[in-house]
Amino acid sequence: SVEFSESQYERGAAHGSNITVVLNYDVKNKKKLALADLFQPKSNYLSVMSAYCIKDLQDQSKKNDMLMGDQIKEGAAPRADNYGAWTITRKGLRITFDPYQVAAYAAGPQHVLVLYSALKSIVKPDGPVGNLAG
C-alpha cells in the first residue's frame with residue numbers, strides 16, 4: 001500500500017483542497033487491488049466497515065468537536081466512494097477520510113484503523129490479507 005496526499009490551491013480560494021490517493025498492489029498476482037478483492041463475495045463488507053468507522057469516528061468526536069454526527073454518518077456511509085482511500089497495515093485496514101468528508105476542513109483528514117478482528121469473518125482466507133486476519 002502506498003498513500004499519496006495531493007493538494008491544490010486556486011487563486012482567490014479561502015484555502016487549498018486536499019485529497020488522498022492510494023495504490024494497493026498485489027505483488028504476487030501482479031494487479032492493482034480493489035477493496036472488494038479482500039472480502040468474500042456477498043459479504044456486505046461495506047456495511048461492516050461503515051458501522052465500525054461510524055462508531056470509531058463518533059468515539060473520536062467526544063474529543064474533537066470538529067467531527068459532526070450527520071457529517072460522519074454521510075461521509076462514512078456504506079458506499080464505495082466513501083472508502084476509496086484505504087491501506088493495508090499489520091493490524092487492520094487504515095481508512096482515510098479527506099477534509100469535509102466526516103469533519104470540518106480545519107480538522108484535516110481523519111483516520112480509522114478497522115481491526116482485522118472485526119473483519120475476520122468476511123475476509124477471504126486465501127486473499128491478500130487472509131494471513132493477517134487469520
Side-chain angles (χ1 to χ4, degrees):
S1 294
V2 181
E3 182 176 290
F4 302 92
S5 181
E6 297 181 2
S7 62
Q8 69 178 25
Y9 178 79
E10 294 193 29
R11 185 172 26 140
H15 50 73
S17 65
N18 303 294
I19 62 165
T20 304
V21 178
V22 175
L23 171 64
N24 292 288
Y25 194 77
D26 182 343
V27 177
K28 181 180 175 184
N29 294 308
K30 300 178 183 169
K31 70 172 195 158
K32 184 177 174 182
L33 288 172
L35 187 57
D37 294 334
L38 308 180
F39 300 98
Q40 297 175 32
K42 300 180 183 179
S43 65
N44 208 11
Y45 67 91
L46 284 174
S47 292
V48 173
M49 291 187 55
S50 173
Y52 189 101
C53 288
I54 288 172
K55 182 184 180 323
D56 188 274
L57 290 164
Q58 287 172 335
D59 290 346
Q60 289 182 45
S61 74
K62 295 172 185 169
K63 296 178 184 175
N64 181 351
D65 61 0
M66 290 189 190
L67 289 161
M68 310 289 191
D70 289 342
Q71 200 170 0
I72 290 170
K73 288 178 184 173
E74 180 63 25
R79 295 192 324 261
D81 60 324
N82 283 340
Y83 294 88
W86 56 276
T87 55
I88 297 168
T89 75
R90 290 184 188 271
K91 294 183 179 184
L93 299 178
R94 182 177 183 259
I95 311 300
T96 300
F97 296 100
D98 285 329
Y100 289 123
Q101 189 173 348
V102 297
Y105 174 84
Q110 302 299 307
H111 306 280
V112 173
L113 182 63
V114 181
L115 298 175
Y116 291 127
S117 58
L119 303 172
K120 186 175 181 176
S121 66
I122 60 172
V123 166
K124 283 183 187 172
D126 60 346
V129 298
N131 62 330
L132 297 170

What distance separates Ile122 CD1 from Lys42 NZ, expressed to the nearest 0.5 Å?
15.5 Å
Nearest heavy-atom approach of Ala76 to Ser50 is O-OG, 2.6 Å
Same hydrophobic cluster for Ile54 and Met66, using side-chain heavy-atom links shorter than 4.5 Å among ILVMFWY?
no
d(Leu132 CG, Leu115 CG) to nearest 0.5 Å is 12.5 Å
Taking Ser61 for its side chain and Gln58 for its backbone only, find out whether a donor-acceptor pair lies under 3.5 Å.
yes
Can you tell me how far apart OG (Ser121) and CZ (Phe39) are? Round to the nearest 0.5 Å.
10.0 Å
Residues Ala36 and Tyr45: closest non-hydrogen pair is CB-OH, 3.3 Å
Answer yes or no: is there a donor N or O on one side and an acceptor on the other, between the side chain of Gln60 and the main chain of His111, under 3.5 Å?
yes
Would a distance-only check, ignoring hydrogens and angles, find a side-chain to backbone donor-acceptor pair under 3.5 Å from Asn82 to Gly75?
yes
For Gly108 and Gln110, the nearest pair of non-hydrogen atoms, with its separation, is O-NE2, 3.2 Å
Working to the nearest 0.5 angstrom, can you tell me the gap between Glu3 CD and Leu23 CG?
11.5 Å
Does the side chain of Leu38 come within less than 4.5 Å of Leu119's, by heavy atoms?
no
Tell me whether Leu93 shares a hydrophobic cluster with Val22, the cluster being built from Ile, Leu, Val, Met, Phe, Trp, Tyr side chains joined at under 4.5 Å.
no
With under 30° as parallel and over 60° as perpendicular, where do the rings of Tyr83 and Phe97 fit, or are they tilted in between?
perpendicular
Consider only side-chain heavy atoms of I, L, V, M, F, W and Y, link residues closer than 4.5 Å, and tell whether Val48 and Leu35 are in one cluster.
yes
Between the side chain of Gln40 and the main-chain N/O of Val123, is any donor-acceptor distance below 3.5 Å?
yes
For Leu46 and Arg79 the tightest heavy-atom approach is CD1-C, 4.0 Å
Side chain proximity check, Asn18 to Asp98, heavy atoms < 4.5 angstrom
no
A side-chain contact here means heavy atoms from C-beta on lying under 4.5 Å apart; do Leu33 and Trp86 qualify?
yes
Could you give the distance from CG (Leu113) to OH (Tyr52), rounded to the nearest 0.5 Å?
6.5 Å
Under a 3.5 Å distance rule, please check whether Glu74 uses its side chain to pair with a backbone N or O of Ile72 as donor and acceptor.
no
CD1 of Ile95 to CD of Gln101, rounded to nearest 0.5 Å, is 10.0 Å
Please tell me if the side chains of Asp26 and Asp37 come closer than 4.5 Å, counting only heavy atoms from C-beta onward.
no
Within a 6.0 Å radius of atom CG on Asn131, are there more than 12 heavy atoms belonging to other residues, nucleotides or ligands?
yes
For Asp65, does the CG atom have more than 12 heavy-atom neighbours from other residues, nucleotides or ligands under 6.0 Å away?
no
Is Met68 reachable from Val112 through a run of hydrophobic residues whose side-chain heavy atoms are each under 4.5 Å from the next?
no
Linked, directly or transitively: Ile19 and Val102 (ILVMFWY side chains, under 4.5 Å)
no
